[in-house]
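Beneath this line is the structure, given in structure tokens, with notes to follow.
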Amino acid sequence: MRRVKDLSTLDLFEIPEPHLLAPGECTYNQEVARLVSEMLNASSLIDRHSISADISRLSGKDVSKHMLDAYASPARIDHTLPFWMVPVLEDICSSHALTNWLVMKRGGRAAYGKEALKHELGKLVSLKTQTSRDLNVRIKHIENLLRGE
């Protein structure tokens, strides 16, 4: 029988590695600004005024369109996106770009929604199988001890 290569699970066994930290090379301001810019541009909301209004409404802090522009500009390294704003901004823009970037930098992978549930289901099925094997081994061991009496 011919084996078919499964292209959807190629990265299943690849182990993510964290970004190597080197002195003076961990300034991520420009990377984060580019990601913020991409998120804002790809957002389903029409303009940054709407996005800033939604951030202000949800967070209870005043965030202007000009502040968003500064967070999205790689040239404005003195205006970095506050960490507390990441989940709010991602929710409004329907994105996981910043979370995925951070997880990748730390050497991990993130799963969301059904994908996360599939991972959990896989873990539970594997645990069930292993537990069943362990129980069968213990039962056979006890049965052998009882036969030996």
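Worth knowing before you read on, the calculation uses all heavy atoms, side chains too, and leaves out hydrogens, waters and symmetry mates.
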Original post:
With a cut-off of 6.0 Å (strictly less than), are more than 12 heavy atoms of other residues, nucleotides or ligands near NZ of Lys65?
Top reply: yes

Original post:
Counting distance only, does the side-chain N/O of Asp91 pair as donor-acceptor with the main-chain N or O of Pro87 below 3.5 Å?
Top reply: no

Original post:
Is Val103 reachable from Leu98 through a run of hydrophobic residues whose side-chain heavy atoms are each under 4.5 Å from the next?
Top reply: no

Original post:
Who pairs with Tyr112 by ring pair (Phe, Tyr, Trp, His ring centres under 6.0 Å), at least two apart in sequence or on another chain?
Top reply: His96

**OP:** For a side-chain contact (heavy atoms from CB on, under 4.5 Å) with Met85, tell me which candidate from Leu58, Val36, Val63 qualifies.
**Re:** Val63

**OP:** Give, for atom NE2 of His66 and atom NE2 of His49, the distance between the pair rounded to the nearest 0.5 Å.
**Re:** 6.5 Å

Original post:
Going by heavy atoms in the side chains, are Lys123 and Leu121 under 4.5 Å from each other?
Top reply: no

Original post:
Which side-chain hydrogen bond (donor to acceptor under 3.5 Å, both in side chains) pairs, counting each pair once, include a residue from residues 124-133, with sequence neighbours left out?
Top reply: Gln130-Asp134

Subject >> Atom of Asn29, atom of Ile77 and distance for their closest heavy-atom approach >> reply: ND2-O, 3.3 Å

**OP:** Please examine the side chains of Ile55 and Leu68, heavy atoms only from C-beta on, and report whether any two atoms are closer than 4.5 Å.
**Re:** yes

**OP:** Search all heavy atoms of Ile51 against all heavy atoms of Cys93 and return the closest pair with its distance.
**Re:** CD1-SG, 4.3 Å

Original post:
Any link between Ile92 and Trp101 through a network of hydrophobic side chains (Ile, Leu, Val, Met, Phe, Trp, Tyr) touching at under 4.5 Å?
Top reply: yes

Original post:
So how far is it from Lys140 NZ to Leu145 CG, rounded to the nearest 0.5 Å?
Top reply: 14.5 Å

Original post:
So which heavy atom on Ala72 is nearest to which on Pro74, and how close?
Top reply: O-CD, 3.4 Å

Original post:
Which heavy atom in Met39 sits nearest to a heavy atom in Ser95, and how many Å separate them?
Top reply: CG-OG, 3.6 Å

Subject >> Same cluster (ILVMFWY, side-chain, under 4.5 Å), Leu40 and Phe83 >> reply: yes

Original post:
Under 4.5 Å between side-chain heavy atoms, hopping through other hydrophobics if needed: is there a path connecting Ile139 to Val137?
Top reply: no

**OP:** Measure across Arg48 and Ser37 and return the closest heavy-atom pair with its distance rounded to 0.1 Å.
**Re:** NH2-OG, 4.1 Å

Original post:
To the nearest 0.5 Å, what is the distance between OH (Tyr28) and CG (Leu102)?
Top reply: 9.5 Å

Original post:
Between the side chain of Ser73 and the main-chain N/O of Asp69, is any donor-acceptor distance below 3.5 Å?
Top reply: no

Original post:
What's the spacing between Arg109 CZ and His119 NE2 if we round to 0.5 Å?
Top reply: 8.0 Å

**OP:** For side chain to side chain contact (heavy atoms under 4.5 Å, CB included), just list the numbers for Leu35 and Glu31, CA-CA rounded to whole Å, side-chain angles, deciding distance to a tenth of an Å, and then say yes or no.
**Re:** CA-CA 6 Å; Leu35 284 171; Glu31 276 184 78; 5.5 Å; no

